[in-house]
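Below you'll find the structure, written out as structure tokens, and then a few comments.
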Amino acid sequence: MKPLQLGFFLFYVIAGANHFIHPGFYDGLIPDWLPFPDVINYSSGFLEISFGTMVLFPKTRKWGSYGIIILLLLFIPSHIFFIQQESCVTDGLCVAPWIAWFRLLAIHPLLLFWAFRTGFK
């Protein structure tokens, strides 16, 4: 196993588990126009864990990477929603607006690139 794949696995399993350990953290990050925010939160966590685990195995690595890429693309409205909320969620995450923009415009594309490189290298 390559460090790129092991890091990917650990990153997404820990991120996915956080949806179950601290579900309230995501309450204000899910746009209010989406129905069933709890289902979205727990499903996201389950899928992050599942897709992250899939990269450990050569036969499922590509599909795990595809899954993470799709999730990351689906998370973009949440990032935009957070920026529209002035980068601050009541009783939750608050950061400087430039950090929210940096996360959307720099970190998010890097995560997409990492997913692509993990599944197709």
Side-chain angles (χ1 to χ4, degrees):
M1 167 150 328
K2 297 178 183 177
L4 187 70
Q5 296 157 348
L6 181 59
F8 189 89
F9 161 73
L10 291 172
F11 181 82
Y12 283 102
V13 167
I14 291 168
N18 198 51
H19 285 262
F20 296 95
I21 297 167
H22 302 290
F25 177 81
Y26 301 93
D27 287 346
L29 300 174
I30 298 171
D32 51 9
W33 47 265
L34 288 173
F36 311 111
D38 289 339
V39 172
I40 291 170
N41 178 44
Y42 291 120
S43 297
S44 297
F46 173 77
L47 291 171
E48 285 178 339
I49 293 168
S50 300
F51 294 142
T53 302
M54 289 172 73
V55 303
L56 294 177
F57 308 101
K59 289 186 178 187
T60 58
R61 184 169 298 132
K62 180 169 63 171
W63 294 108
S65 292
Y66 278 143
I68 291 294
I69 289 168
I70 291 168
L71 276 180
L72 288 169
L73 294 173
L74 290 172
F75 291 163
I76 290 173
S78 180
H79 290 287
I80 294 169
F81 179 73
F82 183 61
I83 290 168
Q84 290 172 333
Q85 303 306 306
E86 298 181 15
S87 307
C88 193
V89 175
T90 305
D91 297 326
L93 179 65
C94 284
V95 298
W98 72 267
I99 293 174
W101 279 104
F102 182 76
R103 188 163 179 248
L104 176 63
L105 300 175
I107 302 298
H108 210 72
L110 287 173
L111 292 174
L112 286 163
F113 180 73
W114 188 18
F116 181 78
R117 290 290 293 175
T118 299
F120 302 97
K121 180 72 176 154

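Because the structure is a prediction, the values reported are computed rather than measured.
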Less than 4.5 Å apart, side chain to side chain, heavy atoms only: is that true for [X] and [Y]?
{"X": "I40", "Y": "Y26", "answer": "no"}
{"X": "D38", "Y": "D27", "answer": "yes"}
{"X": "L104", "Y": "F82", "answer": "no"}
{"X": "F81", "Y": "D32", "answer": "yes"}
{"X": "V89", "Y": "F25", "answer": "no"}
{"X": "P37", "Y": "N41", "answer": "no"}

(Q) Before we go on, tell me: are the rings of Y66 and F120 under 6.0 Å apart, centre to centre? (A) yes
Q. Does the ring center of F8 lie less than 6.0 Å from the ring center of Y12?
A. yes
In terms of hydrophobic clusters joined by side-chain contacts under 4.5 Å, are [X] and [Y] together?
{"X": "I70", "Y": "F46", "result": "no"}
{"X": "F113", "Y": "I107", "result": "no"}
{"X": "L34", "Y": "L93", "result": "no"}
{"X": "L111", "Y": "L6", "result": "yes"}
{"X": "I83", "Y": "L105", "result": "yes"}

Q | N/O donor-acceptor pair under 3.5 Å between S65 side chain and A115 backbone | A | yes
Exercise answer: donor-acceptor pairs, residues 72-80 side-chain atoms, under 3.5 Å, sequence neighbours excluded:
from, atom 1, to, atom 2, distance (Å)
S78, OG, L29, O, 2.5
H79, ND1, R103, NH1, 3.3
H79, NE2, H108, ND1, 3.3

Q) What do you reckon, is CZ of F20 surrounded by more than 12 foreign heavy atoms closer than 6.0 Å? A) yes
How many angstroms lie between atom [atom1] of [X] and atom [atom2] of [Y], to the nearest 0.5 angstrom?
{"X": "I14", "Y": "I49", "atom1": "CD1", "atom2": "CD1", "value": "10.5 Å"}
{"X": "Q5", "Y": "L56", "atom1": "CD", "atom2": "CG", "value": "8.0 Å"}
{"X": "S87", "Y": "W101", "atom1": "OG", "atom2": "CH2", "value": "9.0 Å"}
{"X": "T118", "Y": "F11", "atom1": "OG1", "atom2": "CZ", "value": "11.0 Å"}
{"X": "L71", "Y": "S43", "atom1": "CG", "atom2": "OG", "value": "10.0 Å"}
{"X": "H19", "Y": "L47", "atom1": "NE2", "atom2": "CG", "value": "9.5 Å"}

Q | Residue pair V55 / R61: nearest heavy atoms and the distance that separates them | A | O-NE, 2.8 Å
